[in-house]
Number of protein chains: 2
Amino acid sequence: MEDKISLLNKHLKEKGLKSTRQRDLIVSEFFKRHQHLTVEELLERVRKIDQGIGYATVYRTLRLLTECGLAFKREFGGSARFEHSTDHHHDHLICLDCGKIVEFENDRIEKLQAEVCQKNRFKLINHKMELYGYCEKCHGKHHE
Amino acid sequence: MEDKISLLNKHLKEKGLKSTRQRDLIVSEFFKRHQHLTVEELLERVRKIDQGIGYATVYRTLRLLTECGLAFKREFGGSARFEHSTDHHHDHLICLDCGKIVEFENDRIEKLQAEVCQKNRFKLINHKMELYGYCEKCHGKHHE
DNA sequence: AAGAAATTGAAAATCAATATCAATTAGGAA
DNA sequence: TTCCTAATTGATATTGATTTTCAATTTCTT
């Protein structure tokens with residue numbers, strides 16, 4: 001976490017940007033736990049510590065983190081969600097009931113995707129794959 | 001195509017809804033070709049025939065078609081796109097340059113997706129998979 | 001032909017995200 | 001440390017896609 005903040009500060013310095021109280025707070029709250037947060041959710045957490053933080057500042061800070069490769073923007077459903085960037089590519093399982101998000105990797109699927117692209121003479125750049133269903137807990141609920 | 005319209009009319013009658021000039025026009029334009037149209041694009045086509053058709057009516061008619069299973073809403077990027085519903089599930093390849101959309105089916109990928117869900121104790125309901133890249137034509141352009 | 005109920009189009013509302021702008025703040029230079 | 005300029009902030013306005021509202025119009029059953 002400290003390393004993330006110092007990496008960001010380095011990035012800021014290089015770009016002639018400034019480190020601010022708000023920025024630091026938002027970033028440290030973002031990196032506290034590995035989750036998939038919406039702007040709204042992060043704002044809520046941040047405001048527990050500093051009432052005055054504005055909407056736009058959270059948007060701007062997350063864009064900053066995304067630009068310097070520390071965060072990744074995912075567009076599931078309604079609002080975008082941001083996750084910590086990882087070195088490995090992964091996709092997501094999403095519970096339709098409680099919203100739980102599970103990350104997974106599957107090389108065999110990736111390979112087949114590449115095959116599909118070749119067959120259709122597409123040069124694959126990236127993909128989006130989301131599996132929607134019910135997690136164990138929620139599936140249980142529906143059977144009571 | 002005639003069958004689609006009569007299917008829709010049957011649906012309308014069952015629900016106590018009415019068949020109108022606007023509705024008929026929008027539906028028949030929608031089913032003219034198998035494409036992935038935005039509301040905007042469909043509106044444009046429809047207005048070539050009837051100037052006065054409103055924005056909201058196209059939205060409403062597409063929702064109607066979606067509800068009765070004749071159309072399918074896809075949420076790629078900016079605006080939603082609607083396709084004719086088909087009996088087989090499929091996913092999409094999308095060109096990042098020209099926007100070309102190619103449909104594909106791949107049972108092996110579907111099977112692996114089901115496996116991933118099982119492993120994570122999710123009950124799979126549906127999924128979204130989009131492969132983004134450059135189609136043959138556009139890839140060519142980038143190498144000139 | 002009449003009347004109730006649905007539909008239409010225009011404009012307003014909504015929702016997420018971005019841009020604007022005056023006031024504030026950060027941080028290098030003096 | 002103090003100054004100064006450029007960056008940042010928060011509030012608000014704006015955008016773009018979609019939905020809702022509402023009065024006027026149209027459909028369809030009787």
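The sequence lines fix the lettering, A, B, ..., with proteins before strands; numbering per chain opens at 1.
In this structure, B/Leu62 atom CG and C/dT8 atom P are separated by 12 Å, rounded to whole Å. Taking atom NZ of A/Lys15 as the reference point, atom C1' of D/dA6 lies 17 Å away to the nearest angstrom. Put simply, CG on B/Leu25 is 14 Å from P on D/dT27, counting in whole angstrom units. Going from atom CD of A/Glu75 over to atom P of C/dA16 covers 14 Å, rounded to whole Å. What separates NZ of A/Lys13 from P of D/dA7 is a distance of 16 Å, to the nearest Å. Rounded to a whole Å, the CD1 atom of B/Ile26 is 10 Å from the C1' atom of C/dT8. Rounded to an integer number of Å, the gap from CG of A/Asp50 to C1' of D/dT8 is 14 Å. One can place CG of A/Leu42 at 16 Å from P of C/dA16, the figure rounded to the nearest angstrom.
Of the candidates C/dA17, D/dA17, D/dT9, the closest approach to any side-chain atom of A/Gln22 belongs to D/dT9. Side chain of A/Thr57, nearest nucleotide from C/dT7, D/dT18, D/dG10: D/dG10. If you check C/dA6, C/dA16, D/dG10 against the side chain of A/Tyr59, the one that comes closest is C/dA16. In the set D/dC28, C/dA26, C/dA6, the nucleotide with an atom closest to the side chain of A/Lys18 is C/dA26. Distances were taken from every side-chain heavy atom of B/Thr20 (C-beta onward) to each of D/dT27, D/dT20, D/dG10; the shortest belongs to D/dT27. The side chain of A/Ala56 approaches C/dA19 more closely than any other nucleotide in the set D/dT21, D/dA7, C/dA19. Ranking D/dG10, C/dA17, C/dA6 by closeness to the A/Ile53 side chain, first place goes to D/dG10.
Among the heavy atoms of the strands lying under 4.0 Å from A/Arg63 are primed sugar atoms or P, OP1, OP2 only; no base atom is included. Residue-level contact check: A/Tyr55 touches neither bases nor backbone, having no heavy atom under 4.0 Å from any strand.
For A/Asp107, the CG atom is loosely surrounded, since the number of other residues' heavy atoms within 6.0 Å does not exceed 12.
When each of A/Ser79 and B/Arg23 is assigned the nucleotide of DNA chain C bearing its nearest heavy atom, the one mapping closer to the 5' terminus is B/Arg23. In this structure, A/Gly52 and A/Gly16 both approach DNA chain D, and ranking their closest nucleotides by distance from the 5' end singles out A/Gly16.
Using a distance-only test at 3.5 Å, with no hydrogens or angles considered, a donor-acceptor pair links the side chain of B/Thr61 to the main chain of B/Thr57. Under a 3.5 Å cut-off, the side chain of B/His11 and the backbone N or O of B/Leu17 do not form any donor-acceptor pair.
In this structure, A/Phe76 and A/His36 have tilted ring planes: the angle between them lies in the 30° to 60° band.
A/Leu8 contributes atom CG, which lies 11.5 Å from atom NZ of A/Lys10 (distance to the nearest 0.5 angstrom).
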